[in-house]
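Since the structure comes first, as structure tokens, the remarks are kept for the end.
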Amino acid sequence: MKRSKRFEKLEQMPINKDGFSYEWEEVGLITMESRFDPKPSIKVENGVIVEMDGIKREDFDSLDKFIADYGIKVENAEKAMAMDSLEIARMLVDINVPREEITEICMSCTAAKLAEIVSHLNVVEMMMAQMKMRARKTPANQAHATNLDDNPVLIAADAAEEGARGFAEVETTCALARYAPFNAIALMIGGQAGRAGVLNQCSMEEATELELGMRGFTSYAETLSVYGTEQVLIDGGDTAYSKAFLASAYASRGIKIRYTSGTGSEVLMGDAEGKSALYLEIRCLMLTKACGVQGIQNGSINAIPLMAALPNGFRAITAENLIASMLNIEVAAGNDTAFTHSDFRRGAKLVMTMMPGTDYISSGYGGIPNLDNVFAGSNEDCDDYDDYYTLQRDMQVDGGLNPIKEETAIEVRNKAARAMQAVFEGLGLPEITDEEVEAATYAYCYKDMPARNKVEDMKAATEMMEKGTTVIDIIKILHEAGFEDVAENLMNQMKQRVIGDYLHTSAVFDENYNVISAVNDRNDYMGPGTGYRISEDRWNVLKEKFSALKPQEI
Amino acid sequence: MLEIKELGVSQPGTDAKEIIIAVSPAFGTGLKQSITDVPLEEILKELCAGIEEEGMNYRFIKVYNSTDLGIIASQGSKLAGSGICVAMQSRGTTVIHQKDMVPLDNLELFPQSPLIELDMYRTIGKNTAKYGKGENPEPVEILNDYMVPSKFLIKSTLMHFKEGGMANRDMAPIDLEVTF
């Protein structure tokens with residue numbers, strides 16, 4: 001065939017470097033609304049669910065049983081299940097129906113019922129519903145801070161810049177697992193040097209992650225994965241009970257947590273029981289609820305290249321974020337994994353959560369270049385900041401970030417790096433040189449940093465853990481080294497763990513360590529003039545574009 | 001042309017120079033090409049040449065009771081006379097494993113199969129053999145491209161289904177006669 005020059009050009013476009021596939025319902029390779037998904041049903045006898053979505057209690061697997069016993073409000077279940085799904089779908093977009101009325105109904109529904117409700121919504125209705133249903137009124141955002149060399153000085157500087165840019169949470173992980181204690185400390189110190197109140201976590205293997213939290217090196221945890229089929233949960237070495245115990249371990253130390261799940265993970269692991277990705281994800285959300293966990297990170301996460309390869313992928317992902325909110329749990333909404341070569345497409349994906357706002361619009365946004373992202377690349381990175389700010393400015397939408405001047409970034413990065421230098425010296429860890437502090441202050445990525453002796457660092461990190469070092473040692477050192485404000489911020493963070501208010505749903509801190517959560521910042525959206533509205537002060541921040549013309553001066 | 005003949009249930013090897021090459025359930029039968037459409041015999045040719053160049057021997061086995069590369073490799077290393085196994089899924093994902101390690105640990109792992117070129121398989125073979133000889137070689141450089149999943153995750157999932165469809169949880173590893 002003689003080729004059309006336009007088709008030849010189209011073939012070369014970034015979008016056509018992505019992978020695409022048709023559906024295969026029988027194995028569960030379908031985003032939502034599969035012919036093989038269970039139909040909604042419930043039977044309650046003496047306050048016990050004896051049938052759920054067509055399965056009798058004696059045929060429940062361990063996940064069904066856990067969800068039936070702890071994840072559904074039984075008192076109201078038969079009434080909620082008897083309601084027309086279309087009617088509930090309409091309530092979701094009806095400005096006259098308050099959020100609480102809908103969460104009450106949804107918390108009494110089965111997975112198949114919730115799937116049926118959202119199947120009536122198109123994506124604009126889902127976004128509209130999300131604006132009303134998210135738990136916290138004020139939207140926020142989360143950032144990644146990692147680098148390929150696990151350079152702790154650079155992590156601290158990056159976290160500080162992210163704090164200054166307005167991220168409510170920062171998250172790190174390691175290329176080499178033995179670096180975990182250093183990365184966690186770096187993120188913690190850097191975050192507080194950037195802005196008081198930033199929450200910080202280090203995503204590691206579960207036992208390590210818990211230990212870091214208990215030492216006070218992290219203030220929340222998120223990498224507690226749940227899956228929607230019993231087999232995949234078991235393959236991951238878990239049961240519903242083991243996950244619930246882990247959640248309790250964190251709660252006992254006053255540490256905020258959320259679980260992680262996402263559409264497509266089960267089919268990716270090869271065991272979707274022939275159910276759609278969304279149906280299985282709803283089971284994850286109900287399991288989260290059943291474990292008494294306040295929040296979820298979802299939005300397909302690592303499986304998004306798979307979901308995006310299938311028809312209806314973005315809609316299913318928007319639905320899963322929404323259902324988390326319908327169940328009154330905090331949602332950290334994904335947008336954290338590179339899934340497309342197309343800037344057009346990744347921007348479109350982002351605005352589906354940015355426009356309505358979620359508890360965290362990304363989880364997280366790469367505050368570092370994607371080449372340094374040890375989680376695999378994110379959907380957004382530090383090169384996208386000005387695009388993001390401009391979208392906020394274009395649409396008068398609050399995406400949780402604020403523009404900063406270059407000198408501010410330099411200042412907080414330098415402060416974080418110097419604080420790290422002092423802490424490493426105080427703890428007797430391998431020296432952080434002035435050259436490293438300078439490099440981290442101005443760096444783009446890991447390549448701009450002088451190489452550290454990794455063997456020595458990892459040995460020192462292990463010894464530090466064996467010695468029993470905690471955040472209190474670090475607070476003392478910071479205070480004595482003249483970083484009183486960073487020390488005080490960290491002390492405040494520890495006090496909050498004793499107070500415990502930030503364990504409430506969707507909690508973040510402002511810069512004075514006041515809790516902002518679904519309890520005291522309840523989302524009361526009921527149409528125009530209600531819910532989250534951008535204040536004049538906030539708009540003055542959001543519309544800032546330092547390079548813009550000042551017309552009166554021309 | 002790749003031909004695979006199943007012999008019998010694999011027994012632990014006694015030859016200290018023996019490396020096990022363990023493959024996944026659909027390897028060479030259900031799936032004959034890697035994720036980038038490279039015929040699997042070309043990959044095996046390089047892998048075997050690498051092992052031979054270091055003066056070691058090899059035996060092929062197929063693991064049917066798992067599609068998880070770590071589990072496949074772990075069973076292979078326990079059967080290897082040298083205690084070293086190089087394991088491969090049909091899509092080309094490869095790991096080097098040693099018998100005293102827990103299944104999900106490894107000596108070297110090459111997770112992004114679309115990035116592994118043929119000459120890399122030869123180096124992987126050489127390194128496997130060196131571990132078998134008790135040496136501690138410089139690891140093969142791992143390539144990483146965060147855009148790989150956006151193109152290949154769907155295909156890798158489909159290939160994984162194929163592996164799963166040919167798996168059998170109750171079967172012990174089988175010795176293979178492989179000709180190419």
Side-chain angles (χ1 to χ4, degrees), chain A residues 14-24 26-29 148 175 177 205 231-232 235-237 264-272 274 277 300-310 313 336-342 345-346 349 366 369-379 381, chain B residues 24-26 30-31 34-37 63-72 74 89-91 93 101-109 111-115 136 138-139 141-169:
Chain A
I15 187 78
N16 286 320
K17 296 192 174 79
D18 294 354
F20 295 97
S21 170
Y22 291 102
E23 293 146 319
W24 184 5
E26 286 76 2
V27 299
L29 196 71
L148 286 191
E205 171 277 321
Q231 192 57 49
V232 176
D235 286 349
S265 60
E266 295 84 4
V267 73
L268 191 65
M269 313 276 257
D271 212 336
S300 200
I301 315 298
N302 295 334
I304 190 172
L306 178 77
M307 291 296 284
L310 296 168
D336 60 346
T337 306
F339 71 94
T340 176
H341 294 77
S342 159
R345 199 175 181 215
R346 70 189 179 91
K349 172 65 191 74
N370 258 349
L371 69 92
D372 256 339
N373 199 321
V374 180
F375 291 105
S378 176
N379 190 50
D381 79 357
Chain B
S24 56
L31 294 165
S34 76
I35 195 161
T36 48
D37 299 325
V63 173
Y64 276 104
N65 61 18
S66 179
T67 56
D68 185 302
L69 189 59
I71 312 269
I72 294 171
S74 158
Q89 289 165 317
S90 309
R91 62 176 181 260
T93 312
M101 294 179 139
V102 297
L104 296 186
D105 203 355
N106 61 73
L107 289 166
E108 294 186 46
L109 171 66
Q112 293 198 324
S113 54
L115 299 177
N136 198 3
E138 185 71 23
E141 194 192 350
I142 299 171
L143 304 174
N144 189 9
D145 176 357
Y146 61 83
M147 290 316 290
V148 161
S150 65
K151 185 171 176 64
F152 287 105
L153 190 64
I154 183 73
K155 191 168 177 189
S156 112
T157 304
L158 293 170
M159 292 180 84
H160 203 70
F161 282 147
K162 196 95 183 178
E163 304 271 19
M166 298 187 72
N168 181 343
R169 276 177 199 267

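Residue numbers begin at 1 in each chain, while the letters A, B, ... track the order of the sequences.
- Scanning for side chain to side chain contact (heavy atoms under 4.5 Å, CB included) contacts around D105(B) gives M101(B), V102(B), with sequence neighbours left out.
- One distance of note links CG of L306(A) with OG of S156(B); it measures 8.5 Å at 0.5 Å rounding.
- Residue contact with chain B, scored on non-hydrogen atoms closer than 4.5 Å, involves the side chain of A309(A) exclusively.
- Taking chain A as the reference chain and counting heavy-atom pairs below 4.5 Å, the highest number among L158(B), D68(B), I154(B), T157(B) is found for I154(B).
- At a 4.5 Å heavy-atom cutoff, I304(A) makes no contact with chain B through either its backbone or its side chain.
- With contacts defined as side-chain heavy-atom distances shorter than 4.5 Å, the pair L153(B)/N302(A) does not qualify.
- Shortest non-hydrogen contact noted between L371(A) and Y146(B) is N-CE2, 4.1 Å.
- The number of heavy atoms from other shown groups lying within 6.0 Å of CD (E141(B)) does not exceed 12.
- Every residue two or more places apart in sequence or in another chain that forms a ring-ring contact (aromatic ring centres under 6.0 Å, His included) with F161(B) is listed here: W24(A).
- The two residues Q231(A) and R169(B) make their nearest non-hydrogen contact at NE2-NH2, 3.9 Å.
- Heavy-atom pairs under 4.5 Å with chain A were tallied for K155(B), H160(B), K151(B); the largest tally goes to K151(B).
- Annotation for P149(B) and P305(A): closest pair O-CB, 3.3 Å, computed over non-hydrogen atoms.
- Expressed to the nearest 0.5 Å, how far CZ of R346(A) lies from OG of S150(B) amounts to 11.5 Å.
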